[in-house]
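Accompanying notes for the structure given below.
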Amino acid sequence: QVQLVESGGGLVQPGGSLRLSCAASGRTFVNYAMGWFRQAPGKEREFVAAISRSGSDTNYADSAKGRFTISKDNSKNTVHLQISSLKPEDTAVYYCAAGSLYSGTPRAYDYWGQGTQVTVSS
């Protein structure tokens, strides 16, 4: 199976940027599509962005288009989420996930990381 570990979260002021990373321990990382989701306290997990197995195709939530960029490096078993112009409403725990399709549905993913906290506040 695949184990995923997120990093790169932290406290940032509105308008700032963060680059989240997800490291996978599996040897077949190239065979998985990857997704980023986020969950704020008291809310359900929501889709942010996803990328295909090869990394050639991406899928973004409407709210994420323009400020979020997902990328995948199969040679390094890593997935990244670049976030710019951060807003307070971006505050959440961000999770990466691995699955067969770069879907916007959490149930489509088989493996999940523990998440990294992103807090946007003045």
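Residues take their numbers from the sequence shown, with the count starting at 1.
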> Roughly how far, to the nearest 0.5 Å, is OG of Ser54 from CG of Asn74?
Replying inline: 7.5 Å
> Rounded to the nearest 0.5 Å, how far apart are CD1 of Ile83 and OG of Ser17?
Replying inline: 9.0 Å
> Would you say the side chain of Ser21 lies within less than 4.5 Å of the side chain of His80, judging by non-hydrogen atoms?
Replying inline: yes
> Do the side chains of Cys96 and Val79 get nearer than 4.5 Å, heavy atoms only?
Replying inline: no
>> Quick one, Trp36 and Phe68 - any side-chain contact, counting heavy atoms below 4.5 Å?
In response: no
> Same cluster for Ile51 and Trp112 if Ile/Leu/Val/Met/Phe/Trp/Tyr side chains link at under 4.5 Å?
Replying inline: no
>> Please report the interatomic distance OH(Tyr95) to CD(Gln39), rounded to the nearest 0.5 Å.
In response: 5.0 Å
> Roughly how far apart are Ser25 OG and Tyr111 OH, rounded to 0.5 Å?
Replying inline: 10.0 Å
> Is the count of non-hydrogen atoms from other residues, nucleotides or ligands lying under 6.0 Å from Gln3 atom CD greater than 12?
Replying inline: no
>> With a 4.5 Å cut-off on side-chain heavy atoms, are Ser121 and Leu11 touching?
In response: yes
> Atom OH of Tyr109 and atom CG of Leu4: how far apart are they, to the nearest 0.5 Å?
Replying inline: 11.5 Å
> Should Leu86 and Leu81 be counted in the same cluster of Ile, Leu, Val, Met, Phe, Trp and Tyr side chains packed under 4.5 Å apart?
Replying inline: yes
> Under 3.5 Å, is there a donor-acceptor pair between the side chain of Gln114 and the main chain of Glu6?
Replying inline: no
> Does one hydrophobic cluster hold both Met34 and Tyr60, with members joined at side-chain heavy-atom distances below 4.5 Å?
Replying inline: yes
>> More than 12 heavy atoms of other residues, nucleotides or ligands under 6.0 Å from CD of Glu89: yes or no?
In response: yes
> Does the side chain of Tyr102 reach to within under 4.5 Å of the side chain of Lys72, using non-hydrogen atoms?
Replying inline: no
>> Do Gln13 and Ser122 have side chains that approach each other closer than 4.5 Å (heavy atoms only, starting at C-beta)?
In response: no
> To the nearest 0.5 Å, how far apart are CD in Gln82 and CG in Leu20?
Replying inline: 8.5 Å
>> If I compare all heavy atoms of Val2 with all of Ala24, which pair ends up nearest, and what's the gap?
In response: CG1-CB, 4.0 Å
> Taking all atoms of both residues into account, what is the closest heavy-atom pair of Ser103 and Phe47, and its distance?
Replying inline: O-CE1, 3.6 Å
> Is there side-chain contact between Arg38 and Asp90, with at least one heavy-atom pair below 4.5 Å?
Replying inline: yes
